[in-house]
Amino acid sequence: MEYRQTPAPATDTDTHLSHTGALPSDFAADPTAALIARCLAGDQTAYAALYEQLATGLFRLCYSLVLHKQDAEDVVQESFVYAFKNLTRFDPSRASFKTWLYTIAVSRCRNTYRRKLPPLVGLSQLFGMDIPAPHSEAPEAAMSRRAAQDAVEAALASLSPLLREAVVLRYGHGLTYREIAEVMDCPQKTAESRVRLAHDKLRGLLHPVGQSLLEELLSF
Amino acid sequence: MFVAFMRLRYCKANLAAYINGQLSPRARRRIARYIDIDAACYAEYVRQRELARELNHSLPYIGQPTQPQLDRIWGAIQAEMGIINEISPNAPTSASQRPTPHYLQVKRANTRFGLVGIACSLVMALPLMMGNSNFSALYVPTPPDPQIERAFTVAEMVSTDASQSSGTSDRTVRAMTEVTSEPLQPETAEIVYRATPVATQK
């Protein structure tokens, strides 16, 4: 008896339907290439434009890895300064500017959490911003949503740094496995296995969330 | 049984990549077939897919910065880069308002000082390269021959004496004997003779 239909092959769009600021179109090279050219020509407003384009995503990445607001700000600042000072060394044929910048940031994040002991992160600190609630959200639904997100964040904090990097880059920023490998400076197969291991660990940690809670979360 | 075990094992190893669209077409077809025919593989696929959806939904919200945070970071970047003040990401500016960033100014000054240093080193080393070791800063004077030193000392005395009066060679020899307290060797005397002003020679 056929109790299910053959699932449609998953595509990248399936995993990006509910993303905010992490769509593949973020990797458009042409506008960034023009900005880089202007930077190299000495146009300082181009630096500001590059910063405006990438700062939010970079901060999210750094915060997800170091789990500390001040450290994340420091890493973002150091990463941009290094990138701006070494723009002549950027090779667009090897990777996009965003991937290059993320590589710099991940390297600095690793320095940061090697220097420091793992922070005792409270859920309220981890969950930095107030998330705008849907207009018609019921209090019970908001609590459920908040609980689910808190669970994800706590699970994320329990991962090892390398697994956390892999899963944040994949699901928080939509990077392909090849791009993840470039950013993390590892073979692509290693990046794949890290995402898979993160999956396995997170599945065990997030299992108590429950099917009904997930249904409710996905309904927003 | 063993086949089902291996099938499930293959699915578990590749479902994350399958869900993320990162498998080759051949591998994707294989996984799709396993999900279709094997209940355990299908259940595993559902779990992995829901996990991926949950992560995709939640992770983008982690660490969203505030505008004051971004502005603070940009201010620090400006300060470190020497970018002119009050340029915000959206502020228009004209082509004339583009001073050289501070880090570039420092770099150029260092280059100039470096060139000056190289030039000074070449000037000091030039006599050495031309073979005139007397003017080289590395020239280490050797202690003079005691006999020659005595001869020059006497010569100085003789020239002083000559400047005061006409002087004779006898007086010269007497003066030298007084100074040296031993008779001069012939070669030393020759040196003194040559060092003695012409007016006093006989």
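Below, chains carry the letters A, B, ... as their sequence lines are ordered, and counting in each starts from 1.
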Suppose we screen for salt bridge (Lys or Arg N to Asp or Glu O under 4.0 Å). Which residues come up paired with D74(A), at least two apart in sequence or across chains?
none

Measuring from L15(B):CG to H199(A):NE2, what's the distance to the nearest 0.5 Å?
9.5 Å

Where do Y177(A) and Q22(B) come nearest, in terms of heavy atoms and distance?
N-OE1, 3.2 Å

On a heavy-atom basis, the closest approach of D200(A) and Q48(B) is OD1-NE2, 4.0 Å

Tabulate, in ascending numerical order, the residues of residues 188-196 of chain A having at least one heavy atom closer than 4.5 Å to a heavy atom of chain B, or enter 'none'.
V195(A), R196(A)

To the nearest 0.5 Å, tell me how far R203(A) CZ sits from R47(B) CZ.
5.5 Å

Test ring pair (Phe, Tyr, Trp, His ring centres under 6.0 Å) applied to F59(A) - qualifying residues, sequence neighbours left out:
none

Spacing of Q77(A) atom CD and Q78(B) atom CD [to the nearest 0.5 Å]
11.5 Å

How close do Y51(A) and I77(B) get, counting heavy atoms only, and between which atoms?
CE1-CD1, 3.7 Å

Heavy atoms of other groups near R72(B) CZ, more than 12 under 6.0 Å
yes

What part of R29(B) is in contact with chain A, defined as an atom under 4.5 angstrom from a non-hydrogen atom: side chain, backbone, both or neither?
neither

At their closest point, which heavy atom of P65(B) faces which heavy atom of R60(A), and how far apart are they?
CD-CG, 4.3 Å

Heavy-atom pairs under 4.5 Å with chain B: which of V76(A), V81(A), L50(A) has the most?
V81(A)

In this structure, CG of L58(A) is separated from CD1 of I73(B) (nearest 0.5 Å) by 8.5 Å

Measure E44(B) against the heavy atoms of chain A and call it side chain, backbone, both or neither at under 4.5 Å.
side chain

Does Y171(A) use its side chain to pair, donor to acceptor, with the backbone of E54(B) at less than 3.5 Å?
no

Distance from L59(B) atom CG to L156(A) atom CG, nearest 0.5 Å?
5.5 Å

Does Y10(B) have any ring pair (Phe, Tyr, Trp, His ring centres under 6.0 Å) partners at least two apart in sequence or in another chain, and if so, which?
Y34(B)

